[in-house]
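Let me begin by presenting the structure, written as structure tokens, before commenting on it.
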There are 2 protein chains.
Amino acid sequence: MSQPPDVIPEQALQRVGWALRRADLTLQSAKEPALRAVGLSTASYSLLMHVHVYPGLNGAELGRRLGVSTQAVALLVTKLEAGGLVERRAHPRHRNIQELYLTDEGHRTLQAAYRHVGTIEDKITDALGPEEAQHLRDLLDTVMAALADTE
Amino acid sequence: MSQPPDVIPEQALQRVGWALRRADLTLQSAKEPALRAVGLSTASYSLLMHVHVYPGLNGAELGRRLGVSTQAVALLVTKLEAGGLVERRAHPRHRNIQELYLTDEGHRTLQAAYRHVGTIEDKITDALGPEEAQHLRDLLDTVMAALADTE
DNA sequence: TGACTGGCATCAAGTCCTTGATATGGGTCA
DNA sequence: TGACCCATATCAAGGACTTGATGCCAGTCA
């Protein structure tokens, strides 16, 4: 039996997808110690930021935006609620749904975290310059649009 | 006590780092069902691809490249070895170090996976065009270089 | 009105990965 | 040669997340 020809190109690991993966991994690693300093995990930080920007978000929608399951969100929210950073409120009409809000303490913690993590974002935009930073966002949007067609 | 001014800009979630995160999440989600079809997790696929491109890699170095701990690699390798996809060989001089290689079966599985996942990569490069795809890689390299200065 | 459908939340069990600690072997330097 | 240091690999325990199953509630349709 002869071996089939190798369909994997030499530069497989240099393709866009892997560059994207490496860049995101590097970014997450860079953020991690800054967040640890204020007592947050990267997951908690993402959750707080999303609730800050979209107050009243429910757990299921939050899970979709963060790329994790509803259950994972619920576990995290329970911890953050115990720590006094977020608050669950009943949806005015759908009693079964909970809306999430930041407490004052949660707001302060998020701001402290942003002061640290924001400097990392600044490093990126400084290195790119405003035009290229915008260009990068556009390119990433194009990538996401291309992947959305997959469904 | 007066509330401190909000230092978090409105567009916090539109910054480059979050765009990067969302794009990578979307990509991983898109790859996942394709890999499941050939019985691989995204972690396994990444590992196989790296061992294919860099034959003889050891576990610790692999962990650094994948962004996971050495132990996680060891657990995964044990499973892949039991499945007959990878092979541990003793380093010729350092008896304590193991070099990793793909078996023929591992090579076949990786090729099957690449046939599925490669089409997703193609979607991206088709949507961008060759120049913009290269540009995106360059921009991501710039981002990683900027983050490397952090240390 | 009552049955059906769909989305949200929670409980339970299992998987994957992490941190911490330990053993082993090679390289360096006195 | 021997002591020290560093890197790899493994064992153990804990944490975070996943899938699967269940309950609950609002909206829809006959």
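All of these numbers come straight from a predicted model, not from anything done at the bench. Chain letters run A, B, ... following the sequence lines, proteins first, then strands; residues in each count from 1. Side chains are part of it too, since the values below use all heavy atoms of this structure and drop only hydrogens, waters and symmetry mates.
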D:dT8 phosphate, OP1 or OP2, under 4.0 Å from B:Arg64 side-chain N/O:
yes
Applying side chain to side chain donor-acceptor pair (under 3.5 Å), name anything that partners B:Asp141, two or more places apart in sequence or on another chain.
none
Tell me which pairs pass side chain to side chain donor-acceptor pair (under 3.5 Å) where either residue lies in residues 42-59 of chain B, with sequence neighbours left out.
B:Ser41-B:Ser44
Presence of A:Arg93 side-chain N/O under 4.0 Å of D:dG27 phosphate oxygens OP1/OP2
yes
Would you sort out whether B:Glu132 and A:His135 count as a side chain to side chain donor-acceptor pair (under 3.5 Å), showing the intermediate values?
CA-CA 10 Å; B:Glu132 290 292 48; A:His135 194 177; 3.2 Å; yes
Just the rounded figure in Å: distance from P of D:dA16 to OH of A:Tyr45.
20 Å
Within this structure, what is the NE2-to-C1' distance between B:His94 and C:dG25, rounded to whole angstrom?
9 Å
Check whether any side-chain heavy atom of A:Leu27 lies under 4.5 Å from a side-chain heavy atom of B:Val16, and answer yes or no.
no
Pairing donors with acceptors under 3.5 angstrom, does anything connect the side chains of A:Arg137 and A:Gln134?
yes
Treating primed atoms plus P, OP1 and OP2 as sugar-phosphate and everything else as base, which nucleotides of nucleotides 9-18 of chain C get B, S or - for protein heavy atoms under 4.0 Å?
SBB----SBB
Given B:Leu62 and B:Thr70, is the side chain to side chain contact (heavy atoms under 4.5 Å, CB included) satisfied, shown in steps?
CA-CA 8 Å; B:Leu62 199 41; B:Thr70 309; over 6 Å; no
Using the 3.5 Å cut-off, write out each protein N or O paired with an N or O of nucleotides 1-4 of chain C and the distance between them.
none

Not counting sequence neighbours, which residues clear side chain to side chain contact (heavy atoms under 4.5 Å, CB included) with A:Glu81? List them please.
A:Val86, A:Arg88
Nearest-Å distance, CZ (B:Arg89) to C1' (D:dA9)?
19 Å
Please enumerate all residues that pass side chain to side chain contact (heavy atoms under 4.5 Å, CB included) together with A:Val68, with sequence neighbours excluded.
A:Leu66, A:Ala72, A:Val73
Here the distance between atom P of C:dC8 and atom CZ of A:Arg65, to the nearest Å, is 12 Å
D:dC17 P sits how many Å from A:Leu62 CG, rounded?
12 Å
